[in-house]
Q: 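Quick one: the structure is below, and I'll ask about it shortly.
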Amino acid sequence: MYVVLFDIDGTLISTGGAGGAALMGAFRDTFSIGDPRPVKFSGRTDRAISGDLFQLHGLANNEENWGRLRDGYLERLPGELARRSGKVLPGIESLLDTLTSRSDVSMGLLTGNLPDGARIKLEHYGLFHFFPFGAFGEQHEKRDDVARDALQLVQRRLADRTPQRDRIWVIGDTPFDVQCARAIGCRALAVATGIHERDELALSEPDLLLEDLGAPDPWLQQLPSQ
Ligand SMILES: [Mg+2]
């Protein structure tokens, strides 16, 4: 058995900035802040990004503010996705079909998105049905903690069929994805389909680095059928 844990943004899809626009729009309107200061999004959890926004603008980083921002974000997200020209990234549909057809591969999500945010994005692009489980960024500021959740989920779902860690792969487009794979002792495939250049990703020392998943054979060769 193998387990493959996919990041969403910059790995499976590009939303054309819909996620960021929905969050910043919700922040602006909910807290009446005309021109919010920018924060870093890439590879981070929605909880961490929101915490930065609160801190930068002198707002309490508490459950009440977080709940208001989260609700506003989820309300805006479908409209932003419809308005922007995002896309499924190269080779993804074919790769997901290939992996789904294998009885020795279990696929899930490992993402900084909220559960509902992940569902809304992936339903928009017709990919949600590929992922029966996932670990999300609702509670955690650190992606490594999301990875720990993902591993626990895998162990609960697969029980004694849980593979060794070197057969569990995390696929993502940022150094944080590689780092969180290491946090749980698993392997990392980095793809240069997000904002990070190949050279930059190489510094995080993934097990494998690909330009995109349009030609995934170098990786699939590492998952021989069992
Ligand atoms: Mg990403």
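Order of appearance sets the numbers: ligands from 1, and atoms from 1 within every ligand. Sequential numbering from 1 along the given sequence is applied to the chain's residues.
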Q: Give a yes-or-no answer on whether the side chains of D177 and T174 include a donor-acceptor pair shorter than 3.5 Å.
A: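 Per modelled atom types, D177 and T174 side chains form a pair under 3.5 Å.
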
Q: Closer than 2.8 Å to the Mg ion (ligand 1), which protein N, O or S atoms?
A: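 For the Mg ion (ligand 1), the protein N, O and S atoms that sit under 2.8 Å away are D7 OD2, D9 O, D173 OD1.
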
Q: Transitive ILVMFWY cluster of V170 at side-chain heavy atoms under 4.5 Å: who else is in it?
A: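 Members alongside V170: M1, V3, L5, L110, F133, V146, L151, L153, V154, L158, I168, I184.
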
Q: Taking the ring centre of each residue, are F6 and F130 less than 6.0 Å apart?
A: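 Not close enough - the centres of the two rings lie 6.0 Å or further apart.
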
Q: Do the side chain of S204 and the main chain of L201 share a donor and acceptor less than 3.5 angstrom apart?
A: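 Indeed, once roles are kept as given, a pair shorter than 3.5 Å links the two residues.
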
Q: How long is the straight-line distance from CG of L209 back to CG of L189, given to the nearest 0.5 Å?
A: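 Separation between the atoms: 8.0 Å.
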
Q: Please determine whether the number of non-hydrogen atoms from other residues, nucleotides or ligands lying under 6.0 Å from atom CD of Q155 exceeds 12.
A: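 It does: Q155 CD has more than 12 such atoms within range.
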
